Amino acid sequence: MLDTQAIVTEMTVAAQAAAQEFANQRFDGRDGGACGFAWVEVYPESKGNTKLGKLERQLLKAMGFRPDWTGKAFQVWDPAKWPGQSIDCKEAGAVAAANVLKKHGFKAYAGSRLD
C-alpha cells in the first residue's frame, strides 16, 4: 500500500530544494529571470470507469492533484511553492517533483509556460 502522505512530503521537499538550489546558482538566492508557471502532471494507468481507475483517481485527489482541462491527467501547480515568479525556479521544482513521483511508479511529467 502506498503511503501517499510520505510521497507528497518527499515530492514537496525535493521540489523546494531544487527550486532554491536553482535560485542560489543563477540568481544569488533570490527570484529572477522570466515570469511563469510550472506544474506536475500525472496520467492514471487505468481507465476512469473501472474500479481500479476510480481508486487511482481518488488517490491522486487525496494527494492534492486536480483534474487538468482534458480530464485525462491530474495536476499540481507549483509543487515547490516557490515564493517568487521565476519560471526557471518553478520548473526546477516541478522536474524534481516529477522525478520523485516516477520513482514511486507514477507516470509523471513536469510542465511549464511563460506568463
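Only a predicted model underlies this, so the values are computations on that prediction, with no experimental measurement involved.
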Undergrad: Under the salt bridge (charged side-chain N to carboxylate O under 4.0 Å, His left out) definition, can you give me all pairs with a residue in residues 48-64, not counting sequence neighbours?
TA: none
Undergrad: Check whether V42 and M11 end up in the same hydrophobic cluster, where Ile, Leu, Val, Met, Phe, Trp and Tyr are linked by side-chain heavy atoms less than 4.5 Å apart.
TA: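 Cluster IDs for V42 and M11 match.
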Undergrad: Compare all side-chain heavy atoms of L60 with those of F106 and state whether any distance is below 4.5 angstrom.
TA: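 Yes, close enough: below the 4.5 Å cut-off.
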Undergrad: Go through it in stages, so that I can follow the logic: the residues are L101 and F65, the test is side chain to side chain contact (heavy atoms under 4.5 Å, CB included), and I'd like the CA-CA distance, side-chain angles, deciding distance and then a yes or no.
TA: CA-CA 12 Å; L101 291 168; F65 286 82; 3.6 Å; yes
Undergrad: Check for a donor-acceptor pair, side chain of S86 on one end and backbone N or O of G33 on the other, with a separation under 3.5 Å.
TA: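 No, because the side chain of S86 does not come within donor-acceptor range (under 3.5 Å) of the backbone of G33.
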Undergrad: Indicate the atoms forming the closest heavy-atom contact of P79 with V76, along with that distance.
TA: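 Of all heavy-atom pairs spanning P79 and V76, the closest is CD-O, 4.0 Å.
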Undergrad: Kindly confirm or rule out a cation-pi arrangement of R30 over F27, judged by NZ or CZ under 6.0 Å from the six-membered ring centre and within 45° of its axis?
TA: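 Judged by the rule, R30 and F27 form no cation-pi pair.
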Undergrad: Given the rule in the side chain to side chain contact (heavy atoms under 4.5 Å, CB included) test, do D88 and R26 qualify, once you have shown the distances and angles that lead to the verdict?
TA: CA-CA 9 Å; D88 299 316; R26 299 287 200 280; over 6 Å; no
Undergrad: Working to the nearest 0.5 Å, report the span between CH2 of W39 and CD of E91.
TA: 9.0 Å
Undergrad: Show the nearest heavy-atom pair for residues C89 and A23, with the distance to one decimal.
TA: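 Closest approach of C89 to A23: SG-CB, 3.7 Å.
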Undergrad: Would you name the heavy atoms of A110 and A98 that are closest together and state the gap between them?
TA: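 Closest pair (atom of A110, atom of A98, distance): N-CB, 3.9 Å.
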Undergrad: List the atom of T50, the atom of S46, and the distance in Å for their closest heavy-atom pair.
TA: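 So the two residues come closest at OG1-CB, 4.0 Å.
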Undergrad: So how far is it from N99 CG to H104 NE2, rounded to the nearest 0.5 Å?
TA: 11.5 Å
Undergrad: Measuring from atom CD of E45 to atom CG of L52, what distance do you get when rounded to the nearest 0.5 angstrom?
TA: 9.5 Å
Undergrad: Which heavy-atom pair separates A18 from A96 by the least distance, and what is that distance?
TA: CB-CB, 3.6 Å
Undergrad: Less than 3.5 Å apart, any donor N or O on the side chain of Q20 or Q16 sitting next to an acceptor on the other?
TA: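 Judged by distance alone, the side chains do not pair up.
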Undergrad: Not counting sequence neighbours, list each pair that qualifies as a salt bridge (charged side-chain N to carboxylate O under 4.0 Å, His left out) and has a residue in residues 100-115.
TA: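 Only E10-K103 qualify under salt bridge (charged side-chain N to carboxylate O under 4.0 Å, His left out).
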Undergrad: Hey, does P44 have a side-chain heavy atom less than 4.5 Å from the side chain of F74?
TA: yes
Undergrad: Test of understanding: clusters of I, L, V, M, F, W, Y form through side-chain heavy atoms closer than 4.5 Å, transitively. Do F37 and V95 belong to the same one?
TA: no
Undergrad: Nearest heavy-atom pair of I87 and L114: which atoms, and what distance?
TA: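 So the minimum-distance heavy-atom pair works out to CD1-N, 3.7 Å.
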Undergrad: Tell me, with the steps shown, if Q85 and D31 meet side chain to side chain contact (heavy atoms under 4.5 Å, CB included).
TA: CA-CA 7 Å; Q85 296 182 8; D31 196 34; 4.0 Å; yes
Undergrad: Given side chains that start at C-beta, do those of I7 and M63 come closer than 4.5 Å, heavy atoms only?
TA: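 They are in contact (side-chain heavy atoms under 4.5 Å apart), so the answer is yes.
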